[in-house]
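Working notes for the structure below.
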Amino acid sequence: MPLTLTSSLRAFAERFPERLRTGYWTRLVPLLAVLATLTHLPSFLRPVWSPDEGYLATQARMLADGGVLYDTVVDRKPPLLPWLYEACFAIFGSASLWPLRTLAIVAHLTTAILLASLARGRWGDRAGRCAGVLYLLVSIGLSPEDTQAATFEVFMLPAMVAAFRYAERRRWLAAGIAVALCSLTKQTGGAVMLPVLWMLLQDTRRRGVRWPPALAKIGFGFALPIALVAVILTKPKGFLFWVVTGSGDYAGLGNWPQMIGRALGNSAILMSAGLAFLLPFAHRLWLRHRRRPVPARGPEHGSTVDLWMWLTSSVIAVSVGFHFFGHYYLQLMPPLVLLGVGAVATSAVRWKPVLVYSALACSFFWGLAVLWPGQRLTQTTEVATAVAAQTTPKDTVLVWGMHPELYWLADRRPVTRYLTAGFLTNFSGGKGDEKVGEQYSVAEAWQTFDNEISTNGFPEVVVDDSGTAPYQPDMVPRIATLLDAHYEVVGVTGDTVIYRLKK
């Protein structure tokens, strides 16, 4: 080996430990990993945080038992997260969601690292560190049921941020693939395609290059994962119906006061969590509106229109369907954090008060998660225990309500592919009482339901979890007839009634 090469290798080996100790990412990533774990530790305190988790867990068990996605196992969501649940259950067992909660922490950490990379490239090292930290602090700044659960938006965010980052670096094929992965986790993740295309347009204008080759790369990258998923699925037509064309009735304006109240309420909660960096951002907008000079501390990174396009696309995604559930707002966090960090990094605002307030707000939401009332979960657990006592593992169960976690907690098989009453009545928690009933069900859902009852036999137990909802059995003749003819009441827990098949 030449002497110069040997000397170079020796010098590198001597400097490597020092670089490892002082490297930007080798110091930042462990800090972010600890912070991601601490902020989401409360997620491990409960067996299930939301009906979405219960739905995914029940789906995963059905798939493990030979179910076919978008045929005998259905939902209005893309397949990546159900498959991830199924894989975790196959490896770790299906009695607990701790593996999914752990992966959710990894997803938050990945999102924070990608945001740090974006902010560092635009505004420097300190802005990068603060972007990662602020995202993790604000990531629990909603209701604990929305931020501590291992649900769709959490696993969608890394691919969404990666799509933006790849587009910023003009890696168009990778950007298209990331948008596809985002969309295959949740449909609204595809909204990030808007800023990706905007950056492509701006790049072609600045560099004077032809856009068709880059657009073709984005299109190919986007289509490839979706085509692969369609090949893997045994029912690609079912995938198209449940994920794309069959959700029109689910969306709707419904109860305007309820819709507006939920939208404003969740917006206010998120703004309170991110107030420290949103105020400087709003102040800059006000100064520019008044055409006053903005006090500068650091260099501007050109235009932030791409970030505005990202935020706009996320707002549109949150608004689709007019449900405005709290977990939808997780999609707003990455662009808001970057816009806020940019405002602080390029103004006279100091970082310390921003970080201190964000840490205090995070502590409040962390404590809220630890002390969050558990009456509903307690009742659901009691009902699940009673259902398990009334049945054997071979028996089937029908939960007439919107809490599919009952199936998972009781460890009993659903008698039907429709895990909530919403598929059979068009009810959802984000709408009012309008257009709820048998006649508004998913196409041919009742025929399929009747066929499943004929094939599988009557469920051993029916749990009426409807309470005072507009789909309670008295308002749905088929369910009322089924209960009157074949079942008797064996227990009541709160507003939930348990029926057992007459002998």
Side-chain angles (χ1 to χ4, degrees), residues 48 51 54-55 57-59 61-62 65-67 72-75 375-429 433 436-503:
V48 62
Y55 202 111
T58 304
Q59 270 189 310
R61 280 182 174 167
M62 294 170 71
D65 289 339
T72 59
V73 181
V74 299
D75 192 13
Q375 291 91 339
R376 180 70 218 186
L377 177 60
T378 300
Q379 178 177 321
T380 302
T381 303
E382 291 176 357
V383 173
T385 302
V387 169
Q390 293 281 349
T391 57
T392 69
K394 294 182 179 180
D395 293 328
T396 59
V397 174
L398 171 64
V399 175
W400 185 249
M402 301 298 290
H403 291 277
E405 62 268 27
L406 275 165
Y407 291 115
W408 180 67
L409 291 170
D411 194 14
R412 293 296 182 264
R413 293 184 298 116
V415 72
T416 176
R417 68 194 67 185
Y418 305 119
L419 301 187
T420 70
F423 294 107
L424 296 165
T425 64
N426 195 40
F427 176 83
S428 75
D433 298 352
V436 175
E438 288 185 21
Q439 67 273 32
Y440 301 110
S441 69
V442 172
E444 301 182 357
W446 280 107
Q447 295 91 318
T448 302
F449 178 82
D450 292 339
N451 291 335
E452 288 173 323
I453 295 293
S454 300
T455 302
N456 301 326
F458 291 110
E460 182 66 23
V461 165
V462 175
V463 178
D464 175 18
D465 194 43
S466 60
T468 59
Y471 61 88
Q472 53 191 289
D474 289 345
M475 300 180 179
V476 183
R478 292 192 190 216
I479 298 299
T481 300
L482 177 70
L483 293 176
D484 291 341
H486 301 285
Y487 291 87
E488 58 185 358
V489 176
V490 294
V492 178
T493 302
D495 58 355
T496 302
V497 183
I498 303 173
Y499 296 84
R500 187 167 184 178
L501 193 64
K502 294 177 181 177
K503 303 299 183 181

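Being a predicted model, the structure only gives us computed values, none of them experimental. Side chains are part of it too, since the values below use all heavy atoms of this structure and drop only hydrogens, waters and symmetry mates. Residue numbers run from 1 in the order of the sequence given.
Every pair passing salt bridge (Lys or Arg N to Asp or Glu O under 4.0 Å) that includes a residue from residues 463-473 is listed here, sequence neighbours excluded: Arg376-Asp465. Listed by first and then second residue, the salt bridge (Lys or Arg N to Asp or Glu O under 4.0 Å) pairs that reach into residues 399-413 are Arg61-Asp411, sequence neighbours excluded. A ring-ring contact (aromatic ring centres under 6.0 Å, His included) check over residues 445-464, counting only residues at least two apart or in different chains, returns the pairs Trp446-Phe449, Phe458-His486.
A heavy-atom distance below 4.5 Å is found between the side chains of Val387 and Val463. Side chains of Ser466 and Asp495 form no contact here, defined as non-hydrogen atoms less than 4.5 Å apart.
Enclosure of atom CD in Glu488 by more than 12 non-hydrogen atoms of other residues, nucleotides or ligands within 6.0 angstrom is indicated.
Across all non-hydrogen atoms, the minimal contact from Gly457 to Val415 is O-CG2, 3.7 Å. The nearest pair of heavy atoms linking Phe423 to Val74 is CZ-O, 4.5 Å. Taking every heavy atom of both residues into account, Leu406 and Thr380 meet most closely at CD2-O, 3.4 Å. The two residues Val73 and Met62 come nearest to each other via the heavy atoms CG2-CB, 3.7 Å. Residue Pro404 comes nearest to Pro51 through the heavy atom pair CG-O, 3.7 Å, listed as atom of the first residue, atom of the second, then distance. Between Pro470 and Val436, the shortest heavy-atom distance links the atoms O-CG1, 4.0 Å.
Taking Tyr487 as the reference, nothing meets the ring-ring contact (aromatic ring centres under 6.0 Å, His included) condition, with sequence neighbours excluded. Here Asp450 pairs with Arg478 under the side chain to side chain contact (heavy atoms under 4.5 Å, CB included) rule; sequence neighbours left out. Applying the side chain to side chain contact (heavy atoms under 4.5 Å, CB included) test to Thr448 and every residue at least two apart in sequence or in another chain returns Arg417, Tyr418, Glu452. With sequence neighbours left out, Asn456 forms a side-chain hydrogen bond (donor to acceptor under 3.5 Å, both in side chains) with no residue at all. Not counting sequence neighbours, Asn451 has no partner by the side-chain hydrogen bond (donor to acceptor under 3.5 Å, both in side chains) test. For the side-chain hydrogen bond (donor to acceptor under 3.5 Å, both in side chains) test, no residue two or more places apart in sequence or in another chain qualifies with Glu382.
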For residues 393-402, which side-chain N or O atoms pair as donor and acceptor with protein atoms under 3.5 Å away, sequence neighbours left out?
| residue | atom | partner | partner atom | Å |
| --- | --- | --- | --- | --- |
| Asp395 | OD2 | Thr392 | N | 2.8 |
| Asp395 | OD2 | Thr392 | OG1 | 3.1 |
| Trp400 | NE1 | Tyr471 | O | 2.8 |

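Between the side chain of Gln472 and the main chain of Ala469, a donor-acceptor pair closer than 3.5 Å is present. With Thr58 contributing its side chain and Tyr407 its backbone, the two residues share no donor-acceptor pair below 3.5 Å.
A salt bridge links Arg500 with Glu460; the closest basic N to acidic carboxylate O contact falls under 4.0 Å.
Atom-to-atom distance recorded for Gln59:CD and Asp75:CG is 5.0 Å, nearest 0.5 angstrom. Here CZ of Phe427 is found 15.5 Å from OG of Ser441. Values are rounded to the nearest 0.5 Å. Considering OG1 of Thr425 and CD of Gln439, their distance stands at 10.0 Å, rounded to 0.5 Å.
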